[in-house]
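Residue numbers count from 1 along this sequence.
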Amino acid sequence: MRVHLQPAYILHRRPYRDSSLILEVFCAEHGRLSLVSKGARRRSRGGSSSALLQPFVPLLLSFSGRSEMKTLTQLEAAGPPFALRGERLFSGMYLNELLVRLLHRHDPHPRLFARYGNALAELSAEGGIEATLRRFELGLLDELGYHLSLAEDGLSGEGLEPGGWYHYEPDHGLVPGMPGTDPARPAYAGADLLALARGEFDGPASATARRLLRQVLALHLGDAPLKSRDLFRGRHPGAGEGK
């Protein structure tokens, strides 16, 4: 298998042997896959190409190999790096971790690849962080086959009532309920859900969006905590729920 100059982003990198790197990458046409960049850490002392092997840099990658892990053979910058700092950097790390944890290897997602690039552009352009993250999470769920309707009752198919309360059930989506004290079965106000359906992720319903998407994603992420979320809390002890 030989792939020539495929649009890609690096999601994660780690040292391998004495001087190489293992890269988790997200490609437009080949999905998520692992590449080994031989001698990358040795070349970083004087080689300009190795400096590109960082997250949030649009790249063109060439790779080859017959095994599960391919070998990086060429790389070029496809654009300037996205400058993410502070909370925006942690938000980018969060998106990367979601992709690493939830995408199957070698499963193409060209629309999600475009969404990811748009999300990085919004984060680097000082756009609303909450709206960027929530839109990406919903798009990711769609790509994985778990569409979440924010405007319809999952049992009856009718529109949500602004004055009603709703629970999320994995087999049905949003279903009628009532507020309670069981943290394992949170309730969401219909008015907030309808605001989210209109795309109002930065408004008063932003906390509802964060709690709901966190509940839905937790079903697919499993028990292992997100490292990016823990890092954010470590740097911002008073940040509450974080991502």
Main-chain N/O of Glu161 paired to Tyr166 side chain as donor or acceptor, under 3.5 Å: yes
Verdict with reasoning, Lys227 to Glu97, per salt bridge (Lys or Arg N to Asp or Glu O under 4.0 Å): CA-CA 8 Å; Lys227 295 180 180 178; Glu97 192 170 7; over 6 Å; no
Heavy-atom side-chain proximity of Leu140 to Leu95 below 4.5 angstrom: no
Flag, side chain of Gln6 to backbone of Ala28, donor-acceptor distance under 3.5 Å: yes
Ser37 versus Leu23, closest heavy-atom pair with distance: CB-CD1, 4.2 Å
Pairwise distance CZ(Phe63) to CG(Leu33) - rounded to 0.5 angstrom: 5.0 Å
Ser34 and Arg105: side chain donor to acceptor below 3.5 Å: yes
Step-by-step side chain to side chain donor-acceptor pair (under 3.5 Å) determination, Glu130 to Ser206: CA-CA 7 Å; Glu130 289 288 331; Ser206 61; 5.2 Å; no
Exceeds 12 heavy-atom contacts within 6.0 angstrom, atom CE of Met1: yes
Whether Tyr116 and Phe26 hold their rings parallel, tilted or perpendicular, with breakpoints at 30° and 60°: perpendicular
Beyond-backbone contact of Pro108 with Glu29, side-chain heavy atoms, under 4.5 angstrom: no
From CA spacing to verdict: side chain to side chain contact (heavy atoms under 4.5 Å, CB included), His220, Leu144: CA-CA 10 Å; His220 309 291; Leu144 295 175; 5.6 Å; no
Arg101 atom CZ, over 12 foreign heavy atoms within 6.0 Å: yes
Arg210/Arg134 under side chain to side chain contact (heavy atoms under 4.5 Å, CB included): CA gap, chis, key distance, verdict: CA-CA 7 Å; Arg210 188 185 310 116; Arg134 303 296 85 85; 3.9 Å; yes
Salt bridge (Lys or Arg N to Asp or Glu O under 4.0 Å) involving Arg13 - partner list, sequence neighbours excluded: none
Working for side chain to side chain contact (heavy atoms under 4.5 Å, CB included), residues Tyr9 and Leu120: CA-CA 11 Å; Tyr9 292 94; Leu120 294 184; 4.0 Å; yes
Pair Glu122 + Arg135: basic N to acidic O under 4.0 Å: yes
Beyond-backbone contact of Met93 with Leu89, side-chain heavy atoms, under 4.5 angstrom: yes
Reported CG-to-CG distance for the pair Leu59 and Leu72, which is rounded to 0.5 angstrom: 9.0 Å
Ala119 backbone acceptor or donor facing Thr132 side chain under 3.5 Å: no
CG (Asp182) with more than 12 external heavy atoms under 6.0 Å: yes
Exam field: side chain His167 to backbone Pro186, donor-acceptor pair closer than 3.5 Å: yes
In one Ile/Leu/Val/Met/Phe/Trp/Tyr side-chain cluster, 4.5 Å: Val25, Leu5: no
